[in-house]
Amino acid sequence: MITQKALARRTFLRGMGTAVALPFLDAMVPAFATAATQAKTPVRMAFVYVPNGIIMDGWNPDYEGKLGALPRILKPLEPFKDDITLFGNLTHNAGRALLDGAGDHGRCCASYLTGIQPRKTVVDIKAGISFDQIVATQIGKQTRFPSLELGMEDSRQAGDCDSGYSCAYTNNLAWRSETQPLPPILDPRALFERLFGNGIVLSPEARARHNKFRRSVLDFVADDTRKLEADLGPADRRKLDEYLTSIREIERQIAKAETDNAAIDPHMEKPYGVPADFAEHFKLMTDMMTVAFQADLTRVISFLVTHEGTSRPYREIDIPDGHHPLTHHRNLPDLMDKVERINSYHLRQFASWIEKLKASKEGEGSLLDNCMIVYGAGLSDGNRHSHEDLPTLMAGRGGNYFKTGRRIVYRKETPMCNLFMTMMDRMGAPVENFGDSTGRLEGLDLA
Amino acid sequence: MQLAGQAKPPAGIVFDAYVGRAIDDALALSLLFGFAAKDEARIAAISTNNPSLQSAAYCDIVERFYTHSSGFGGLPIGLADGKPAPDSPMLTALLANPAYSTGIRNRNDTAEVAPLIRNALTAQHDQNAIVIVTGPATDLVKLLELHDTRDWIVRKVKLLVFAAGAFPDGPADFNLQSDIPAARKLLAEWPTPIIVVGNEIGDALPYPASSIEKDFAWTPHHPVTDAYRAYHAMPYDAPTRAMAAVLYAVRPQEKYFRLSEPGTVTVLDDGRSRFHASGAGKHRHLILDPAEKQHVIDIYTEIASAKPAERKPRFPK
């Protein structure tokens with residue numbers, strides 16, 4: 001369909017207390033637009049952080065260059081290996097002890113996006129502004145939310161979580177300033193209401209009362225939806241329908257989690273809408289990240305899957321032992337096998353998200369093409385607490401910029417901050433240096 | 001965090017050598033590991049400013065030999081950028097020897113020198129690091145140019161020992177001639193005192209070939225003796241300027257050497273050096289006391305041939 005006037009990129013479907021942003025539609029491209037006049041598709045970035053290191057033997061391929069058979073832990077990404085870049089030898093020196101003694105878990109998380117060694121304290125915390133927040137400050141005005149900070153476990157901000165390091169260090173990835181971390185949202189309902197609500201966050205009790213009469217946000221915007229559909233071509237109508245269906249599905253999953261939780265224990269301490277099942281929780285959070293990217297609600301997300309030092313068991317995959325104790329496996333095969341199964345389990349959830357991003361069309365390609373989704377950890381070998389050769393992969397082409405499907409090994413001690421420098425360039429927020437950077441990563445682009 | 005009253009460990013040594021051109025630097029590396037085994041020094045970083053992969057592989061072999069490391073978790077080896085030097089016969093012979101193993105097969109198995117040293121300095125107690133350079137100054141100048149690094153140098157480094165030049169006079173020196181602008185910049189801008197070790201020191205303290213045959217007999221395979229034999233037809237005595245630099249850096253309080261008065265070392269356009277005394281100068285050069293000559297050689301042979309420290313169990317029973 002060709003119209004003289006294009007639909008605004010930041011169009012919302014509005015209803016009572018509700019504002020549903022739209023995905024990128026063909027109707028948003030001006031008729032007869034040339035490449036020069038077309039609005040540039042935005043690039044998005046996200047960090048998916050997993051704690052306690054990885055069994056590196058199951059992560060690192062024994063080759064460089066074009067990705068062939070993937071190692072054991074990365075197997076779930078096999079269908080998407082042409083869309084990923086696997087990095088070798090990236091290092092976070094700021095995560096090391098550097099005379100501060102024990103506390104690698106606290107340090108590696110706090111330094112991960114900040115590139116700064118945090119002050120060892122449980123009181124007057126100090127790290128540095130994280131690079132995602134530098135990007136958010138630079139480009140955040142273009143979206144409804146400059147950034148989103150998400151997680152799945154424990155958002156305590158006080159107390160000692162690792163050998164004298166505050167819980168603020170282990171439980172946050174993003175830092176707005178050197179003393180102000182940004183606690184992640186854990187509850188899918190709270191995230192949903194943030195994305196589609198009018199900014200009012202309900203208490204669990206108020207939410208329960210509200211749920212009794214709950215209607216879908218889509219019901220509130222039905223009038224706007226009908227009006228919009230009348231102006232759309234068949235392809236856009238199909239895309240809009242898929243998008244709204246995915247929102248409805250998210251609502252349904254959240255409602256199910258709330259019903260299940262209430263049935264298990266009406267007084268349970270965990271956030272009301274958090275599914276008991278890890279995979280369901282992961283899916284809900286990443287589904288909403290997908291929507292947030294599709295609708296250009298934000299271009300910057302950090303996702304702390306579980307926190308450093310977590311002793312969460314994984315009964316879903318028959319592992320009743322705590323994650324962190326297992327990672328101090330002393331090279332015992334049985335314990336290493338369990339850690340590897342946890343690593344693989346996390347990767348399976350991540351791969352499902354990547355599949356969704358790849359399936360989501362955007363312009364001539366996929367949403368994934370316009371993303372930089374970094375999956376990684378602040379420790380490589382969790383047994384030895386190593387801060388070099390950190391397990392790091394990036395899914396997506398950052399706006400068809402990166403030549404993907406490769407493993408690139410850099411020289412030892414190459415700062416992780418060099419990757420961040422490259423990403424800041426792609427996000428349109430370049431800086432002269434960051435943390436301990438020595439430059440940008442080389443050899444990543446299509447040129 | 002450096003706690004008040006906490007005893008400082010032995011000095012952390014940053015060793016940037018030109019490994020492969022002469023046997024001296026290889027001997028100096030063994031001397032350094034010998035001091036580390038006696039807990040007189042800690043090795044903070046090792047790098048070679050010879051841009052040859054073989055050179056880095058040699059350092060890795062020595063590191064594994066002395067620390068019993070299987071490679072994983074061992075010290076990363078820094079390797080200079082630049083056009084690789086021709087393969088050195090002494091290193092080629094050693095690397096072909098199945099008694100030795102190395103994890104260095106390509107440049108990505110090594111580290112860029114400047115960030116490696118910067119990272120090593122961040123882990124040292126204040127004023128407890130000593131930097132030794134026994135080759136061109138190229139890498140150290142890159143370190144100076146790394147953003148935010150001068151402050152780390154001022155805070156952490158007590159002394160730079162630079163094997164360069166000849167005093168009071170002598171022919172052009174390889175370590176200066178290879179990168180004259182870098183040598184000048186290092187001497188002018190390095191923010192700590194600098195002790196310069198001239199070629200005349202190494203020439204006056206030849207390492208005895210007899211030590212290679214006798215003092216290392218406790219092991220059938222030692223990287224430095226195999227390198228020594230491959231370097232020249234035995235027997236021969238070798239100059240030891242790099243060893244002198246290590247000895248002074250680790251035991252500056254001993255009277256093996258005298259120091260010149262303060263002054264300034266200048267680098268001439270042909271790679272020769274000059275020293276001008278001046279009260280405001282921050283350079284001094286080593287002067288050998290002839291009476292100490294045999295004493296120094298005895299220390300060389302004793303420490304360089306010392307056995308590695310015993311391996312400490314990683315998981316105590």
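To find a chain, count down the sequence lines: A is the first, B the second, and so on, and within it residues start at 1. Because only heavy atoms are used, hydrogens play no part in the values below, and waters and symmetry mates are left out as well, while side chains stay in. No experiment lies behind these values; they were computed from the predicted model shown.
What you find for B:A123 and A:L99 is that their closest heavy atoms are O-CD2, 3.4 Å.
Chain A is approached within less than 4.5 Å, heavy atom to heavy atom, by B:L146, B:H147 from residues 145-152 of chain B, ordered by number. Using a 4.5 Å cut-off between non-hydrogen atoms, the part of residues 85-93 of chain A that approaches chain B consists of A:N89, A:N93. Of all residues in residues 103-116 of chain B, those placing a non-hydrogen atom less than 4.5 angstrom from a non-hydrogen atom of chain A are B:N106, B:R107, B:N108, B:D109, B:T110, B:A111, B:E112, B:P115, B:L116.
Proximity to chain B (any heavy atom under 4.5 Å) is shown, for A:D389, by neither the backbone nor the side chain. If you measure heavy-atom distances from A:S437 to chain B, the contacts under 4.5 Å come from both the backbone and the side chain. For a residue to count as touching a neighbouring chain, one of its non-hydrogen atoms must lie under 4.5 Å from one of that chain's; by this rule A:E432 does not touch chain B. Of the two parts of B:I77, neither the backbone nor the side chain holds a non-hydrogen atom closer than 4.5 Å to a non-hydrogen atom of chain A.
No donor-acceptor pair under 3.5 Å is formed between the side chain of A:R96 and the backbone N or O of B:T122.
Qualifying side-chain contact (heavy atoms from CB on, under 4.5 Å) partners for A:A94, counting only residues two or more places apart in sequence or in other chains: A:S111, A:Q117.
Counted within 6.0 Å of CD on A:Q157, heavy atoms from surrounding residues, nucleotides or ligands total more than 12; the atom is thus considered enclosed. Remark: A:R176 CZ is loosely packed, at most 12 non-hydrogen atoms of other residues, nucleotides or ligands lying under 6.0 Å away.
A distance of 7.0 Å separates CZ in B:R118 from OG1 in A:T438, rounded to the nearest 0.5 Å. Between the CG atom of B:N119 and the NE2 atom of A:H387 there is a distance of 12.0 Å, given to the nearest 0.5 Å.
At least one side-chain heavy atom of B:D81 sits less than 4.5 Å from a side-chain heavy atom of A:R411.
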